[in-house]
Amino acid sequence: MAEIVGPRLYCCCNCRNQVSLHDDIIAKTFQGRYGRGFLFSHAMNIVVGPKEDRHLMTGLHTVADVYCGDCREVLGWKYERAYEASQKYKEGKFILEKSKIVKENW
């Protein structure tokens, strides 16, 4: 009998709290603070911190750090606003650092 397998997930590296679905990945070519980052359309079980303006590789953005909803590990950030027209597609999306998330159900 075949095993029932749930969706492929990404979890917090610290406490294994589920934070996003593999199907929500938009791109894997982003740069995070500590190495590679993935751009996700959605994230779950997180806490969004205060907004702040940051100069990133692609220009000025208003971002908010995102934390694991259970252990409060910093996982990445949410794009709140992009000031350049070519970067508007990032608004409302999340960067999760590859080093801060682990795979589950793969």
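Every heavy atom of this structure was used, including side-chain atoms; hydrogens, water molecules and symmetry mates were not. Start at 1 with the first residue, then count along the sequence.
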NZ of K90 to CZ of F30, rounded to nearest 0.5 Å, is 5.0 Å
(Q) Under a 3.5 Å distance rule, please check whether Q31 uses its side chain to pair with a backbone N or O of G35 as donor and acceptor. (A) yes
Separation between NE2 (H55) and OH (Y83), nearest 0.5 Å, reads 9.5 Å
The reported gap from CG in L56 to CD in Q87 (rounded to nearest 0.5 angstrom) is 9.5 Å
- request: Give a yes or no answer on whether the side chain of E97 reaches the backbone of Y34 with a donor-acceptor pair at less than 3.5 Å.
  value: yes
To the nearest 0.5 Å, atom CG of L96 lies from atom SG of C12 at 10.5 Å
Between C71 and N14 the two heavy atoms that sit nearest each other are SG-ND2, 3.2 Å
Notebook entry, point to check: Is the H61-W77 ring centre distance short of 6.0 angstrom?
Noted result: no
Check: N45 side chain, Q18 main-chain N or O, donor-acceptor pair, under 3.5 Å: yes
Query raised in the report: Is it the case that one hydrophobic cluster holds both V63 and I95, taking links as side-chain heavy atoms less than 4.5 Å apart, direct or via other members?
Result: yes
So side chain to side chain donor-acceptor pair (under 3.5 Å) across residues 65-76, not counting sequence neighbours, yields R33-D65, R54-D65, E73-K100
Interatomic distance, CD1@I26 vs CZ@F38, rounded to 0.5 Å, equals 13.0 Å
Item to complete: Answer yes or no: is there a side-chain heavy-atom contact under 4.5 Å between V19 and F94?
Response: no
query: Between I25 and L39, is a side chain to side chain contact (heavy atoms under 4.5 Å, CB included) present by the stated rule, with each step listed?
result: CA-CA 6 Å; I25 290 181; L39 183 68; over 6 Å; no
Practice problem: For the residue pair Y10 and F40, categorise the inter-ring angle as parallel (less than 30°), tilted (30 to 60°) or perpendicular (more than 60°). | Solution: perpendicular
Nearest heavy-atom approach of A64 to V48 is CB-CG1, 3.6 Å
OG1 of T62 to CD of E91, rounded to nearest 0.5 Å, is 8.5 Å
Can you confirm whether K51 is buried at NZ, in the sense that more than 12 heavy atoms of other residues, nucleotides or ligands lie under 6.0 Å from that atom? no
Counting only N and O atoms by type, is there a donor-acceptor contact under 3.5 Å from the side chain of R36 to the main-chain atoms of K28?
yes
Open item on the list: Measuring only between side-chain heavy atoms, which start at C-beta, is V47 closer than 4.5 Å to V66?
Closed with: no
